[in-house]
Amino acid sequence: GHNNLNAKLVLLGDMGAGKSSLVIRFVKGQFLEFQESTIGAAFFSQTVSVNNATVKFEIWDTAGQERYHSLAPMYYRGAAAAIIVYDITSSDSFARAKKWVQELQKQGNPNMVMALAGNKCDLEDKRNVTAEEARGYADENGLFFFETSAKTAVNVNDIFYDIAKRLPRA
Ligand code: GDP
Ligand code: MG
């Protein structure tokens with residue numbers, strides 16, 4: 001029926017930021033301290049219900065390594081939503097996240113719902129990116145922002161539910 005929606009979602013961000021861990025927390029409710037690194041990309045699907053609608057996410061978890069960069073457009077092309085992930089303990093990963101945002105703004109679907117995830121927020125004592133800085137950046141660029149932890153599950157479901165709510169309805 002018209003209350004069912006399929007939505008392609010892509011995760012982008014630096015290697016090690018926690019993209020796979022966020023997806024596995026969301027889809028399987030699990031966390032691994034030594035998550036295997038992704039080769040190319042991995043596919044997952046998960047359905048959520050919001051506002052009397054059912055959204056089936058078709059999730060592409062990409063590898064952040066530079067050598068796969070040329071493949072990235074295959075994953076974000078036609079995507080209804082993107083989660084750009086950085087690690088709050090790494091300024092480099094935040095800089096890399098901004099590059100992904102720029103690329104999506106130039107090449108992505110103009111109606112794409114974009115979320116910025118500052119992951120590993122359980123590692124407060126190693127923090128190198130403030131929430132204020134990231135929130136300011138997100139506000140300026142039309143993204144919504146959460147700090148997440150795949151380890152403790154903080155804000156992980158929330159980010160996917162928020163995306164589901166913001167998706168344009170047919
Ligand atoms: P990816 O390369 O972006 O897919 O990153 P991974 O999901 O493979 O995670 C890289 C490493 O960071 C793994 O050792 C994970 O266990 C760890 N990790 C991922 N998310 C978190 C988190 O929220 N908190 C902590 N403490 N570690 C995390
Ligand atoms: Mg991965």
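Computed over heavy atoms, backbone and side chain alike; hydrogens, waters and symmetry mates excluded.
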Work out which heavy atom in I163 is nearest to a heavy atom in A81; give both atom names and the distance.
CG2-CB, 3.5 Å
Would L123 and M15 show up in the same hydrophobic cluster when neighbours are defined by side-chain heavy atoms closer than 4.5 Å?
no
Under the rule for salt bridge (Lys or Arg N to Asp or Glu O under 4.0 Å), what residues qualify as partners of E33, not counting sequence neighbours?
K151
Assess the side chains of N128 and S91: does a donor N or O sit below 3.5 Å from an acceptor N or O?
no
Check whether any side-chain heavy atom of T38 lies under 4.5 Å from a side-chain heavy atom of K19, and answer yes or no.
no
Electrostatic pair R96:D92 at N-O distance under 4.0 angstrom:
no
Between W100 and D14, is any pair of side-chain heavy atoms under 4.5 Å apart?
no
Looking only at non-hydrogen atoms, find the nearest pair between L9 and L11 and report the distance.
CD2-CD1, 3.8 Å
Taking the side chain as every heavy atom from C-beta outward, state whether L104 and M114 have any pair of such atoms under 4.5 Å apart.
yes
Non-hydrogen atoms of M112 and A79 that approach each other most closely:
CE-O, 3.6 Å
With D61, which residues qualify under side-chain hydrogen bond (donor to acceptor under 3.5 Å, both in side chains), at least two apart?
S20
Is there a salt bridge (charged side-chain N to carboxylate O under 4.0 Å, His left out) between R127 and E147 once you walk through the steps?
CA-CA 12 Å; R127 176 189 290 276; E147 286 197 340; 2.8 Å; yes
Under the criterion side chain to side chain contact (heavy atoms under 4.5 Å, CB included), I'd like the reasoning laid out for F94 against L116: C-alpha separation, chi angles, the key distance, then a yes or no.
CA-CA 10 Å; F94 185 54; L116 181 65; 4.3 Å; yes
Are any non-hydrogen side-chain atoms of T47 and F57 less than 4.5 angstrom apart?
no
Salt bridge (Lys or Arg N to Asp or Glu O under 4.0 Å) involving R77 - partner list, sequence neighbours excluded:
none
Parallel, tilted or perpendicular: which fits the ring planes of F43 and W60, with parallel below 30° and perpendicular above 60°?
tilted
Heavy-atom pair with the smallest gap, counting every atom of L5 and P168:
CD2-O, 4.2 Å
N/O donor-acceptor pair under 3.5 Å between S93 side chain and S90 backbone
yes
With rounding to the nearest 0.5 Å, note down the distance linking OG1 in T54 to CG in N4.
5.0 Å
Euclidean distance, E36 CD relative to I24 CD1, rounded to 0.5 Å:
9.0 Å
Distance col, row R25:CZ vs L32:CG, nearest 0.5 angstrom, shows 10.0 Å
If we only count heavy atoms from C-beta on, is the T148 to L22 side-chain gap below 4.5 Å?
yes
Heavy-atom closest pair (N119 atom, A17 atom, distance to 0.1 Å) is ND2-O, 3.0 Å
For the atom pair NZ (K126) and CG (D87), what is the distance rounded to the nearest 0.5 Å?
10.0 Å
In the single-linkage hydrophobic clustering (I, L, V, M, F, W, Y; side-chain heavy atoms under 4.5 Å), do F31 and F44 co-cluster?
no
Sorted by chain and number, sequence neighbours left out, side-chain hydrogen bond (donor to acceptor under 3.5 Å, both in side chains) with S49 holds for none
Sequence neighbours excluded, which residues qualify as side-chain hydrogen bond (donor to acceptor under 3.5 Å, both in side chains) partners of Y86?
none
Indicate, with yes or no, if V154 and V129 share a hydrophobic cluster defined by side-chain heavy-atom contacts under 4.5 Å among Ile, Leu, Val, Met, Phe, Trp and Tyr.
no
Please indicate whether N52 has more than 12 foreign heavy atoms, meaning atoms of other residues, nucleotides or ligands, lying under 6.0 Å from its CG.
no
Backbone of N111 reached by a side-chain donor or acceptor of N109 within 3.5 Å:
yes
Do D158 and N155 touch side chain to side chain, with heavy atoms closer than 4.5 Å?
yes
Contacts under 3.5 angstrom, residues 133-146 side chains, donor-acceptor by atom type, not counting sequence neighbours:
| residue | atom | partner | partner atom | Å |
| --- | --- | --- | --- | --- |
| N141 | OD1 | Q105 | NE2 | 3.4 |
| N141 | ND2 | Y137 | O | 2.9 |

Going by atom types only, do E58 and N6 share a side-chain donor-acceptor pair under 3.5 Å?
yes
Would you say the side-chain atoms of D122 and S149 include a donor-acceptor pair closer than 3.5 Å?
yes
What I'd like to find out is whether the side chain of I159 reaches to under 4.5 Å of the side chain of I83, using heavy atoms alone.
yes
Using a 3.5 Å distance criterion without hydrogens, assess whether the side chain of K8 forms a donor-acceptor pair with backbone atoms of Y75.
yes
Side-chain heavy atoms of K56 within contact of S45, under 4.5 Å
yes
Once rounded to the nearest 0.5 Å, what's the spacing between atom CD1 of I59 and atom CZ of F160?
4.5 Å
